[in-house]
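By convention in this document, chain letters (A, B, ...) are assigned in the order of the sequence lines, proteins followed by strands, and residues within each chain are numbered from 1.
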Amino acid sequence: MTLETGDLGPACREDHCITCGDEAVAMRVVKLDPARGLALCENDDRERTTVETALVDTVDVGDVLLVHAAVAIQRLEGAAA
Amino acid sequence: MKYVDEYRDAELGQALAAEILATVDPDHHYKIMEVCGGHTHSIYKYGIDDLLPSNVELVHGPGCPVCVIPMGRVDDGIAVARQPGVIFTCFGDMLRVPGSRETFLDAKASGADIRMVYSPLDALRIAKANPDREVVFFAIGFETTAPSTALTLKRAKAEGVSNFSCICNHVTIVPPLRALLESPDLRLDGFVGPGHVSTVVGARPLEFIPAQYGRPVVVSGFEPLDILQSIHMILRQLAEGRCEVENQYARVVPYEGNLKALEVMAEVFALRPHFEWRGLGFISQSALRLSNAYADFDAELRYEVPGVRVADPKACQCGEVLKGVIKPWECKVFGTACTPEHAIGTCMVSPEGACAAYYNYGRFAREKAVV
């Protein structure tokens, strides 16, 4: 499986740029590409984006990550899978 | 979704508002600063200030990444964007920030190849897809965004992408807070601490605020109940005579931060000796440049940039708004010459800016109250 970073995600369809706004979004991991340190994640509206996971410890499918600018900056412990 | 719905419950919000009312001293006027632009946006969007007693005033802080970029840096970016063969990339809200003569959007309209990205990784992807062009990324943001730039540059170096470079405008949150606390015209009782910045740096760097300046800090989430609870925690500290850093956003923010992110940042960035903040002036050691190990990716070394300091427009009072000295509507041009469509100041450009947040969500409530 190959994941590519990048299509402009749900972030840019908001009324403003959430990256500029220092916002981070909770997203659930759907698929993993461990060799490249990438995860395909979806938000509550099932919109999907590819996320870098290099800055968080081991990630599994079903984990919820806090994502900012397509990079996971934290894993949310105890989140509903 | 867990982490969202339960933090927007109206009944719980009313209960918290009642607790806040019971905690305050009616004879004291409280001034609490929310540092982060995301909090400012939520406060106006959800009408949180309407739930507070009249003697609890929220002061909007400098934590909006777009609002603090001075005009000279925009001019530098536009000068690079106009170089032949350059594809210039930046985040969406940055496109509308005025430089001394034009915005990035104006430059794009007159022929510069300027593209909006959501992540620095998108800019790197554009560089890999266009090996015959030079791709420059205009990096802005606090410590929330800096790790993504660092990770992107690490990847560019590892993959040998030589047509990619970065104008680094990343800033750090502690120095402007210290500058505000040293400011003689500002009296604050406590701080709603930044949530997502603290996810990266942790809550520990904020300990100087209670230790050296005697003000409580509560690191807060961004949902309405998060902010209400944080305000209540600050007021309770004041009522009980305590003064410390508390972490309301513990479900996300580890007290020590994200050590992996801090390591990557330490490798890729170095502190600038000083950096100009819009409205706040030059603040020492408040911003990041690329480290010597990443100098090959530094667009400020690769291109000639004007580097000229440009004074803010005289009519604009973003500086006073960013310091919380005046409210957005007290600015002479608020809502008249300066609107989100035709902004003079950065606080009106970014929706996290206090002026835009108030213009979009708050002005009608105020008009009603005045009548």
Side-chain angles (χ1 to χ4, degrees), chain A residues 2-28 36-39 41-59 62-81, chain B residues 1-5 36-38 41 63-67 90-95 97 116-122 124-126 140-145 147-152 154-155 194-197 199-200 222 251-254 257-264 349-352 356 360:
Chain A
T2 300
L3 302 179
E4 286 301 330
T5 51
D7 294 332
L8 293 182
C12 285
R13 294 198 289 278
E14 300 282 333
D15 60 345
H16 64 288
C17 169
I18 67 168
T19 312
C20 292
D22 236 23
E23 291 181 36
V25 180
M27 301 190 86
R28 186 169 294 110
R36 301 171 67 205
L38 300 176
C41 297
E42 68 178 21
N43 67 10
D44 206 28
D45 296 327
R46 308 244 168 212
E47 293 171 314
R48 293 185 171 192
T49 193
T50 302
V51 171
E52 279 271 352
T53 58
L55 302 183
V56 289
D57 291 328
T58 326
V59 176
D63 284 351
V64 176
L65 304 176
L66 192 69
V67 178
H68 175 80
V71 173
I73 54 173
Q74 204 60 250
R75 193 178 60 210
L76 302 185
E77 302 293 342
Chain B
M1 186 181 200
K2 188 168 179 184
Y3 292 118
V4 175
D5 297 338
C36 181
H41 187 79
C64 161
V66 173
C67 303
C90 66
F91 297 144
D93 289 344
M94 199 62 227
L95 289 171
V97 173
M116 184 185 85
V117 292
Y118 149 65
S119 161
L121 292 158
D122 297 332
L124 181 60
R125 191 168 58 99
I126 293 170
I140 63 155
F142 285 90
E143 290 95 331
T144 322
T145 317
S148 64
T149 303
L151 208 57
T152 302
K154 261 185 82 110
R155 181 174 269 203
H196 291 140
V197 165
T199 304
V200 174
F222 293 82
R251 67 185 186 277
V252 170
V253 174
N258 181 333
L259 298 179
K260 282 187 175 179
L262 293 172
E263 270 172 31
V264 174
V349 173
S350 166
E352 277 66 37
N360 289 328

Heavy-atom closest contact ([X] atom, [Y] atom, distance):
{"X": "A/Val71", "Y": "B/Ser148", "answer": "CG2-CB, 3.5 Å"}
{"X": "A/His68", "Y": "B/Thr145", "answer": "NE2-OG1, 2.7 Å"}
{"X": "A/Leu55", "Y": "B/Asn258", "answer": "O-ND2, 3.0 Å"}
{"X": "A/Ala69", "Y": "B/Ser119", "answer": "O-OG, 2.8 Å"}
{"X": "A/Arg36", "Y": "B/Arg155", "answer": "O-NH2, 3.5 Å"}
{"X": "B/Arg251", "Y": "A/Leu76", "answer": "O-CD2, 3.8 Å"}

Q) For A/Asp57, what residues pass the salt bridge (Lys or Arg N to Asp or Glu O under 4.0 Å) criterion, not counting sequence neighbours? A) B/Lys260
Q) Looking at CG of B/Leu151 and CD of A/Glu52, how far apart are the two atoms once the value is rounded to the nearest 0.5 Å? A)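 These two atoms lie 4.5 Å from each other.
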**Q.** Residue part contacting chain B, namely of A/Leu66, when any heavy atom lies under 4.5 Å
**A.**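 For A/Leu66, the contact with chain B is made by the side chain alone.
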**Q.** Residue list, side-chain hydrogen bond (donor to acceptor under 3.5 Å, both in side chains) with B/Thr152, at least two apart or on another chain
**A.**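 Once residues adjacent in sequence are excluded, B/Thr152 has no partner under the side-chain hydrogen bond (donor to acceptor under 3.5 Å, both in side chains) criterion.
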